[in-house]
Amino acid sequence: MSGNYIRIFDTTLRDGEQSPGATLTSAEKLEIARTLARLGVDIIEAGFPAASPDDLEAVRRIALEVGHLPGPAGQPPVICGLARATRSDIDRAWEAVQHAARPRIHTFLATSPIHMKYKLRLDPEEVVEQVREMVAYARSTCADVEFSPEDAGRSDPEFLYLVLGEAIKAGATILNIPDTVGYTTPDEFGALIAGIVAHTPGVEDVVVSVHCHNDLGLATANTLAGLRAGARQAEVTINGIGERAGNTSLEEVVIALHTRRPVFNLETGIDTTQIIRASRLVSNYTGIPVQPNKAIVGANAFAHEAGIHQDGMLKHNETYEIMRPETVGLQRSTLVLGKHSGRHAFRVRLAEMGYDLSEGELTEAFARFKELADKKKHIADADLAALITDQLYQPREVYILDGLQVACGTMGMPTATVRLTGPDGQQHIQAAVGTGPVDATYKAIDAIVQAPNTLLEFAVRSVTEGIDAIGEVTVRLEAHNGATHQRTSPQSGQPRPRTFGGHGADTDIIVASAKAYLTALNKLLVASGRYDAQVEAEHPAVVAAQVVA
Ligand code: KIV
Ligand code: ZN
């Protein structure tokens, strides 16, 4: 590996999944992990196994299945599990990751004065001792041990050199420097990394890593500053999801290094053409939409709307485009699909987009496509992506939407009649009145499903322009009996209620709303153990797919 190689450590499934509402089923985590392996990330932080038995099991499955899948460079990714600096957390992490071809334990302990005094209630000497002991303990089981001094961004650099030197002596192979609360500026963070590289005893034998949070919107800038100062691993998440304002986003760091190569002279092993696909998958599964103006993966990132821009683009695309859409996996097709398109044209377009469906899946997708084409004149790639997502990316369905009828407007009370097929195979029909059509629909669903919850978030957006566009709805909810859905937070050590996200797409936004709500409710029901947690099998079609805008 050259000295200019940057290892990409993806923590979407750990720090990213700590975002409010990002709760994922184990099948979704597995699918995301496969996508990350195909993207070429070097390390997948698959979770925090001590959080709950479900979390441990999900990391174990990823270690077993994805921890042996060769990435673009031929090697399987390292599978990493997070552990606080305690024996029991380290045991749990090892129990989960040991099945991977290349396992890693990542342990951490805070080093900033404020964290040591108020959170840990430990003296600096006690912190050093615990780091020594726990890194050595982790190293006694696992050959690859990463240590993070939590809140390094607000720690005394001299104290960091000491702690990190002791971690190296105890066997740490990677030193990760987190700006836990996103406090530093690029100059400060770059200087912190340069200081660590210059003054930590034994640092030449380990890899220095950076892990930034985005509270001041500086995560990507800080990460790049850290890499220029000598760090050779970047910890990132897809779409920058993560606690509070999120983590450094994978796509921003990778594409910045790629686009400004002469400036950075650093390389990664990422197959950039898989970026859009990974972004969509993570957004759909977590229910966290990507803001339209998000760098690299936002819907407007490559759109040149203003007349002056379009004119410039037509004359020479580099006038306003610093990177090609194809680089991140966006393709522009000339094939227009509509009402009269046949199964063959449909199959060809899906294949161009990277979807390789089985005959059965194609038959279902084609029927959905025809239904859509009756309502919408031109079917864009984004419509097809929404349609396939809706068909293939749904979690295990406990209740299925069979029918929905609403009456609303200014003349009467908004009323919805809902028909669901339940886990018993029986049809359930219920009508309800609400403050609007969505409220009435949700009340009717609630009366059937009987899973009391609070709706925390509800968002609608259109996939394409035009009155006939597909509407995408995302929701996030929390069970009333939240106590049964708790998991331990790695940072605070406190149990936190899980929230469940759902996503639905349809030309009728009330139908999309019902689908999104049911998806989230189905996740809640599976998590509550009321239904078999055995979730859906792998979709080879999705695995092979490359989503196109
Ligand atoms: O932000 C942070 O400090 C973390 C650590 C667990 C590495 O996520
Ligand atoms: Zn973090």
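All residue numbers in this chain count up from 1 along the given sequence. Just so it is clear, the values below take in all heavy atoms, side chains as well, and ignore hydrogens, waters and symmetry mates. Indexing begins at 1, ligand by ligand and atom by atom, following the structure's order.
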For the side chain of T107 and the backbone of A83, is there at least one donor-acceptor N/O pair under 3.5 Å apart?
yes
For R244, look at atom CZ and say whether over 12 heavy atoms of other residues, nucleotides or ligands are found less than 6.0 Å away.
yes
Which value, rounded to the nearest 0.5 Å, describes the distance between I275 atom CD1 and L250 atom CG?
6.0 Å
Has R84 got its NZ or CZ under 6.0 Å from the middle of the six-membered ring of F108, at an angle within 45 degrees of the ring axis?
no
Taken by chain and residue number, the protein N/O/S atoms under 2.8 Å from the Zn ion (ligand 2) read D15 OD2, H211 NE2, H213 NE2
Between CD1 of I276 and CG of L281, what distance do you get to the nearest 0.5 Å?
12.5 Å
Result of checking R92, R61, R14, K29 against D55 for salt bridge (Lys or Arg N to Asp or Glu O under 4.0 Å):
K29
Extract all N/O-N/O pairs under 3.5 Å that connect ligand 1 to the protein, and present each with both atom names and the distance rounded to 0.1 Å.
from: ligand 1; atom 1: 1 (O); to: H211; atom 2: NE2; distance (Å): 3.2
from: ligand 1; atom 1: 1 (O); to: H213; atom 2: NE2; distance (Å): 3.0
from: ligand 1; atom 1: 3 (O); to: T180; atom 2: OG1; distance (Å): 2.6
from: ligand 1; atom 1: 8 (O); to: R14; atom 2: NH1; distance (Å): 3.4
from: ligand 1; atom 1: 8 (O); to: R14; atom 2: NH2; distance (Å): 2.9
from: ligand 1; atom 1: 8 (O); to: D15; atom 2: OD2; distance (Å): 3.1
from: ligand 1; atom 1: 8 (O); to: H211; atom 2: NE2; distance (Å): 3.2
from: ligand 1; atom 1: 8 (O); to: Q491; atom 2: NE2; distance (Å): 3.3

Between D15 and N247, is a side-chain hydrogen bond (donor to acceptor under 3.5 Å, both in side chains) present by the stated rule, with each step listed?
CA-CA 8 Å; D15 228 349; N247 287 56; 2.9 Å; yes
Out of curiosity, S209 OG to E235 CD, how far, rounded to the nearest 0.5 Å?
4.0 Å
Going from OG1 on T173 to CZ on R104, what distance comes out if it is rounded to the nearest 0.5 angstrom?
6.0 Å
